[in-house]
Amino acid sequence: MLTRRPRGTADVLPDEVAKWQHLEQKIREICTEYGYQEIRTPVFEHTELFQRGLGEGTDIVEKEMYVFKDRGGRSLTLRPEGTAAAARAYLENNLYAGPQPTKLYYVEPLFRYERPQAGRLRQHTQFGIEVFGTQHPAVDAEIIGLAVDFLGRFGLDNLQVRINSLGCPGCRSGYRERLLEYFRPHLDQLCPDCLRRFEKNPLRLLDCKVEECRRWVSEAPSMLDFLCEECGVHFEHLRGYLEILNIKYEIDPGIVRGLDYYTKTVFEIKYQDLGAQDTVCGGGRYDGLMEECGGPRIPASGFGLGLERLLHTLEKEGYAFPEPVRPWVYLVTAGEKAFAGGFRLLAELRREGFPSDMDYLGRSLRSQMKQAHKARARYAVILGEEELARGTVTLRDLDRGEQREIPARELITELRKSGDS
RNA sequence: GUGGAUGUAGCUCAGCUGGUUAGAGCGCCAGGUUGUGGCCCUGGAGGUCGCGGGUUCGAGUCCCGUCAUUCACCCCA
């Protein structure tokens with residue numbers, strides 16, 4: 001069908017756009033306060049970037065990417081997540097040659113081929129943060145703090161912050177072995193999904209929701225017990241900094257994240273009553289990604305925050321978005337001559353900075369007044385044959401229901417005066 | 001990719017066990033004052049009943065398929 005949008009996409013209609021602009025404004029505000037600068041990267045990248053960056057075995061790479069060939073035969077992919085692209089831009093533009101760390105943020109559409117449901121679209125928008133060039137645990141605390149602060153500014157304080165550490169390639173592989181050893185005797189009692197996980201991504205066994213599996217999971221060895229010295233200290237320090245920031249959190253060994261690039265810190269922020277997809281923000285540290293992308297070994301940390309999910313939450317919570325600006329003047333004319341005069345006056349009002357409009361459908365005066373009301377205009381400026389002859393206009397205050405006739409040349413000054421009140 | 005629910009005007013929905021020109025509210029347009037909004041009143045426009053097959057004398061109503069929406073799983077923001 002020509003008039004249907006593709007599955008999992010959404011039109012943002014004018015009323016909604018105002019809400020988005022509000023979100024974006026809040027994002028720019030907080031990022032400026034925290035010392036982050038905006039970066040914009042292309043919506044598509046070379047397919048290899050995501051294959052290498054996210055890991056061949058991940059769900060995103062395996063079955064969720066929008067891959068296409070351009071006319072030159074290159075394989076390109078609609079960006080399925082923000083971090084790899086930001087890392088690529090950082091390396092390509094030698095941002096590491098500037099003062100470190102580099103603190104970036106972005107608001108951009110992401111694309112994943114999935115079955116849509118509540119809180120999940122094929123094209124969605126993320127507010128993302130990336131800090132390149134330091135492995136200091138305070139940075140991990142800073143970005144978690146930024147996310148909590150951001151959500152708090154919308155009155156969302158019923159947040160669940162969960163953190164975990166995935167260690168480094170060194171300690172993780174040891175843990176992985178132990179995990180396989182632990183689950184192997186119970187394979188016949190695990191759900192089919194978990195059998196797959198056992199083969200493909202054993203860490204995922206830890207966040208299975210099936211009752212039968214949870215029994216085993218609760219007794220399973222924890223990554224935290226296998227952290228090497230460096231990773232263990234890093235995690236302890238992270239906790240210390242979170243406490244300084246007064247952030248309430250839980251340690252959840254079940255948080256493993258879906259992408260291969262994570263090391264050490266991982267975290268998720270949930271908001272209750274959001275349905276199945278209740279994670280509003282997720283992220284962590286990825287000290288190995290740069291190297292994987294062919295760059296120097298540069299540590300980094302970041303998060304993604306789903307704006308459709310945030311918007312959905314805010315609507316559910318009855319958040320008071322700012323009222324849309326109302327038109328100041330709706331110009332009403334009677335007669336052909338007056339229309340031309342009104343058209344001229346309209347242009348002048350706009351030049352003077354008054355949001356103004358008039359009717360173009362040849363409506364009756366009465367009907368124009370109705371339009372003025374529907375447009376929620378503050379004033380109706382009426383120009384008819386009589387006013388034209390006298391060089392005046394009728395200025396009607398639509399809120400108060402009062403009107404008076406004034407010389408046309410005084411209209412701007414009159415409007416200015418009332419603008420202050 | 002898997003499973004469930006749903007698909008009638010722009011929107012929210014009604015349409016009993018299949019039976020003549022498919023309805024309501026809201027919205028939209030016009031009129032009720034040949035120069036005036038909100039409330040109220042009147043009228044009007046607008047529907048291939050998602051699409052395609054089938055059963056039947058006859059289907060919006062039953063059956064099959066398909067597409068879409070939606071909820072959940074996998075996974076994720």
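Since the model is a prediction, treat every value here as computed from it, not as a measurement. We name chains A, B, ... by the order of the sequence lines, and we start the count at 1 in each one.
Across all strands shown, A/Thr125 has no heavy atoms under 4.0 Å from either base or sugar-phosphate atoms. As judged by a 4.0 angstrom heavy-atom cut-off over every strand, A/Thr58 is placed among residues making no nucleic acid contact. Contact annotation for A/Leu121: base contact, defined as any heavy-atom pair under 4.0 Å involving a base atom. At a threshold of 4.0 angstrom between heavy atoms, the contacts of A/Gly401 include nucleobase atoms, whether or not backbone atoms are also involved. Residue contacts for A/Arg115: at a heavy-atom cut-off of 4.0 Å it reaches a base atom on one of the strands shown. Within 4.0 Å of A/Arg363, counting heavy atoms only, lie sugar-phosphate atoms of the nucleic acid but no base atom. At a threshold of 4.0 angstrom between heavy atoms, the contacts of A/Gly335 with the nucleic acid are absent. Heavy atoms of A/Gln371 sit under 4.0 angstrom from primed sugar atoms or phosphate atoms, though from no base atom. Nucleic acid contact for A/Arg122: none, since no nucleic acid atom lies under 4.0 Å from a heavy atom of the residue.
Across every strand in view, B/G25 sits in a pair with B/C11 that passes the Watson-Crick or G-U test at under 3.5 angstrom. Base pairing of B/U56 is not made with any nucleotide, judged by Watson-Crick or G-U wobble geometry with both donor-acceptor distances under 3.5 Å. Base pairing of B/A5: its partner is B/U69, meeting the Watson-Crick or G-U wobble criterion (both donor-acceptor distances under 3.5 Å). Across all strands shown, B/U42 pairs with B/A30; the Watson-Crick or G-U wobble distances both stay below 3.5 Å. B/C49 is unpaired under the Watson-Crick or G-U wobble criterion, no partner having all donor-acceptor distances under 3.5 Å. Nucleotide B/U36 is matched to nothing when pairs are restricted to Watson-Crick or G-U wobble geometry with both distances under 3.5 angstrom.
Taking only distance into account, the side chain of A/Gln368 never meets the base of B/U36 through a donor-acceptor pair shorter than 3.5 Å. The base of B/G35 has none of its N or O atoms less than 3.5 Å from a complementary donor or acceptor on the side chain of A/Arg396. Contact annotation: side chain of A/Glu387 to base of B/G35, donor-acceptor pair present below 3.5 Å. Not a single donor-acceptor pair, N or O on each side, falls under 3.5 Å between the base of B/G38 and the side chain of A/Arg376. For a distance-only test at 3.5 Å, the side chain of A/Arg7 fails to qualify as a donor-acceptor partner of the base of B/U69.
Nearest to the side-chain atoms of A/Glu114 among the listed nucleotides B/A77, B/C74, B/G37 stands B/A77. Comparing atom distances between the A/Lys370 side chain and each of B/C29, B/G32, B/C74 picks out B/G32 as nearest. Closest to the side chain of A/His373, out of B/C73, B/G38, B/U36, is B/G38. In the set B/C71, B/U36, B/A77, the nucleotide with an atom closest to the side chain of A/Gln117 is B/C71. The side chain of A/Arg366 lies closest to B/G32 when the candidates are B/C73, B/A30, B/G32.
Taking the P atoms as reference points, B/G7 lies 15 Å from B/C49, given to the whole Å. Separating the C1' atom of B/U20 from that of B/U12 is a span of 29 Å, rounded to the nearest Å. Using P as the reference atom, B/C11 and B/C64 are 28 Å apart when rounded to the nearest Å. Separating the C1' atom of B/C41 from that of B/U33 is a span of 14 Å, rounded to the nearest Å.
Among A/Asp278, A/Asp207, A/Asp252, the one residue that satisfies the salt bridge (charged side-chain N to carboxylate O under 4.0 Å, His left out) test with A/Arg162 is A/Asp252. For the salt bridge (charged side-chain N to carboxylate O under 4.0 Å, His left out) test with A/Glu114, the passing option among A/Arg122, A/Arg120, A/Lys63, A/Arg7 is A/Arg120; the others fail. Tested against A/Tyr286 for a side-chain hydrogen bond (donor to acceptor under 3.5 Å, both in side chains), the candidates A/Glu130, A/Glu292, A/Arg257 yield a single pass: A/Glu130.
In this structure, A/Asp15 atom CG and B/C11 atom P are separated by 15 Å, rounded to whole Å. Between the OH atom of A/Tyr113 and the C1' atom of B/U2 there is a distance of 14 Å, rounded to whole Å.
Taking 4.5 Å as the limit, every side-chain heavy atom of A/Glu250 sits out of range of all side-chain heavy atoms of A/Ile163.
With A/Arg363 contributing its side chain and A/Ser367 its backbone, the two residues share no donor-acceptor pair below 3.5 Å.
By the 6.0 Å and 45° rule, A/Arg40 does not stack over the aromatic ring of A/Tyr106.
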**Request:** Show the numbers, then the answer: is there a side chain to side chain contact (heavy atoms under 4.5 Å, CB included) between A/Tyr241 and A/Glu142?
**Result:** CA-CA 8 Å; A/Tyr241 292 120; A/Glu142 171 175 303; over 6 Å; no

